[in-house]
Amino acid sequence: MHSSLFVAAFAIPLALAAPAPYRLPGSSYRRQLNDSCSLADVQQPSSTLTPPGDHNQLVLIALGQGTQNYTCTNETATPASIGAVANLFNASCAVAQKTSLGSVTEDANAVGQHFFVDNTTPEFDIIGLGNTQLKKSEAAPAPDAAADVPWLKLDATNTNTAVRSIYRLNTKGGVAPTTCDGQAAGAVVQVPYEAQYYVYACPDAMAARRQRRSLGLPLN
Ligand SMILES: *[C@@H]1O[C@H](CO)[C@@H](O)[C@H](O)[C@H]1NC(C)=O
Ligand SMILES: *[C@@H]1O[C@H](CO)[C@@H](O)[C@H](O)[C@H]1NC(C)=O
Ligand SMILES: *[C@@H]1O[C@H](CO)[C@@H](O)[C@H](O)[C@H]1NC(C)=O
Ligand SMILES: CC(=O)N[C@H]1CO[C@H](CO)[C@@H](O)[C@@H]1O
């Protein structure tokens, strides 16, 4: 899982977190120490994508690792996208603390899955956030567009989860081969990729979800 590509993509310079003010030992002290995992001050890497609305809150940064899939109708066709499949790992702390994401996949279990329900409809199933289907609203070329799939703004099409937008950023890999040369008709070409998914949710809807859970009512 720990490829050199991965290290090159996500080795972010180490920055020291501001020292926490002294607190008596106890639960509030532990919370204080772990404020460095808060996403409150995390900014997206800059891009031309429209920022999330002020009413939406960054609730998770997930590292996605999987494949972008393409199909070839025949040898002279151009590869066509048929979606992606990826495991999602919780990278919130790593990004908030600006530490390397290199240990994320070794330390953490997946917090969700990303796949497509049809060729153009991505879905994200995330523990605690439910199943959200989205549509691609905007795309921006990655800094190395020849090697890395574009950065995206995805907006939720269903409102039965609290998730409103997911941005695909800091992509690595996943670009289709330029031709179908040598591919059998109908072949599926799987191209490994990684991305950081910035997940934004509506705080009111998150609160409503927590309340439903506490009352034992069904969630999606
Ligand atoms: C896409 O690739 C994944 C492997 O990453 C595979 O499990 C999945 O079935 C493929 N999807 C299609 C439609 O071929
Ligand atoms: C190959 O596939 C493309 C795209 O579907 C199609 O336009 C073209 O006619 C096909 N060529 C042959 C020889 O079947
Ligand atoms: C991700 O990790 C953060 C920080 O440890 C935690 O607060 C959050 O609940 C986790 N999210 C999920 C979906 O596991
Ligand atoms: C002191 C403390 O509780 N630190 C925790 C902060 O969160 C990280 C990631 O969840 C834990 O690994 C630390 O133990």
Side-chain angles (χ1 to χ4, degrees), residues 1 3 5-6 17 20 27 30-42 57-99 101 103-132 149 161-164 166 171-201 203 205-207 209-210 213 219-220:
M1 283 315 273
S3 66
L5 168 93
F6 177 63
S27 60
R30 280 195 292 277
R31 258 202 307 281
Q32 185 69 35
L33 278 183
N34 256 352
D35 278 355
S36 55
C37 286
S38 163
L39 295 176
D41 297 325
V42 171
Q57 191 185 334
L58 180 59
V59 294
L60 174 71
I61 299 169
L63 173 68
Q65 292 187 319
T67 67
Q68 295 286 326
N69 292 0
Y70 303 91
T71 189
C72 283
T73 322
N74 56 52
E75 255 194 88
T76 56
T78 306
S81 174
I82 52 166
V85 181
N87 285 319
L88 303 173
F89 300 93
N90 191 341
S92 293
C93 256
V95 175
Q97 297 178 332
K98 299 183 174 61
T99 53
L101 302 192
S103 61
V104 168
T105 52
E106 286 140 29
D107 293 352
N109 294 317
V111 293
Q113 305 284 325
H114 167 44
F115 52 90
F116 275 64
V117 292
D118 60 40
N119 288 356
T120 56
T121 309
E123 179 165 326
F124 287 76
D125 290 359
I126 300 173
I127 294 169
L129 293 173
N131 304 0
T132 310
V149 283
T161 77
V163 174
R164 293 293 179 264
I166 298 180
T171 50
K172 208 69 202 165
V175 173
T178 49
T179 72
C180 284
D181 282 356
Q183 299 291 345
V188 173
V189 183
Q190 298 177 5
V191 185
Y193 88 108
E194 295 179 348
Q196 287 175 11
Y197 290 100
Y198 280 54
V199 179
Y200 294 83
M206 293 276 283
R209 221 181 136 77
R210 274 195 298 275
R213 188 181 291 117
L219 305 165
N220 95 328

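Indexing begins at 1, ligand by ligand and atom by atom, following the structure's order. Along the sequence shown, residues are numbered consecutively beginning with 1. In this text the structure is predicted, and so the values were computed from the model without any measurement.
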Legend entry - atom 4 (C) of ligand 1: nearest protein contact (heavy atom, Å): Q190 OE1, 3.4 Å
Legend entry - For ligand 3, the portion of I127 having any non-hydrogen atom under 4.0 Å away: backbone
Inset, instruction - Could you tell me whether a side-chain N or O of H114 sits under 3.5 Å from a main-chain N or O of N87, the two making a donor and an acceptor? - result: no
Inset, instruction - Ignoring hydrogens and angles, tell me if any N or O in the side chain of T121 forms a donor-acceptor pair with the backbone of F116 under 3.5 Å. - result: no
Inset, instruction - Heavy-atom contacts with C93 under 4.0 Å: which atoms of ligand 3 show up? List them by number with element. - result: 4 (C), 5 (O)
Legend entry - From T132, D125, N131, residue fulfilling side-chain hydrogen bond (donor to acceptor under 3.5 Å, both in side chains) relative to T161: T132
Legend entry - Atom indices of ligand 3, in the order listed, that fall short of 4.0 Å to a heavy atom of V111: 14 (O)
Inset, instruction - Please check if the side chain of T71 supplies one atom and the backbone of A187 the other of a donor-acceptor pair under 3.5 Å. - result: yes
Legend entry - Residue, atom name and distance, where the atom is the protein heavy atom closest to atom 5 (O) of ligand 2: T73 OG1, 3.4 Å
Inset, instruction - Work out whether the distance between some heavy atom of G128 and some atom of ligand 3 is less than 4.0 Å. - result: no
Legend entry - Taking atom 13 (C) of ligand 1 as the reference point, the nearest protein heavy atom with its distance: I82 CD1, 3.8 Å
Inset, instruction - Return a yes/no value for N90: is any of its N or O atoms, backbone included, closer than 3.5 angstrom to an N or O of ligand 3? - result: yes
Inset, instruction - Starting at CD of Q113, measure out to CZ of F124 and round the result to the nearest 0.5 Å. - result: 11.5 Å
Inset, instruction - List the closest protein heavy-atom neighbour of atom 8 (C) of ligand 1: residue, atom name, distance to the nearest 0.1 Å. - result: N69 ND2, 3.7 Å
Legend entry - Approximate separation, where rounding is to 0.5 Å, of R209 CZ and L129 CG: 7.0 Å
Legend entry - With Y198, the side-chain contact (heavy atoms from CB on, under 4.5 Å) member among V95, L60, I166: V95
Inset, instruction - Give the atoms of ligand 1, by number and element, whose distance to some non-hydrogen atom of V188 is under 4.0 Å. - result: 14 (O)
Inset, instruction - Please check if the side chain of E75 supplies one atom and the backbone of G182 the other of a donor-acceptor pair under 3.5 Å. - result: yes
Legend entry - Per-atom contacts of ligand 1 with T67, taking only distances under 4.0 Å to non-hydrogen atoms: 2 (O), 3 (C), 4 (C), 5 (O)
Inset, instruction - Among all protein heavy atoms, pick the one closest to atom 6 (C) of ligand 2 and tell me residue, atom and distance. - result: N74 ND2, 4.2 Å
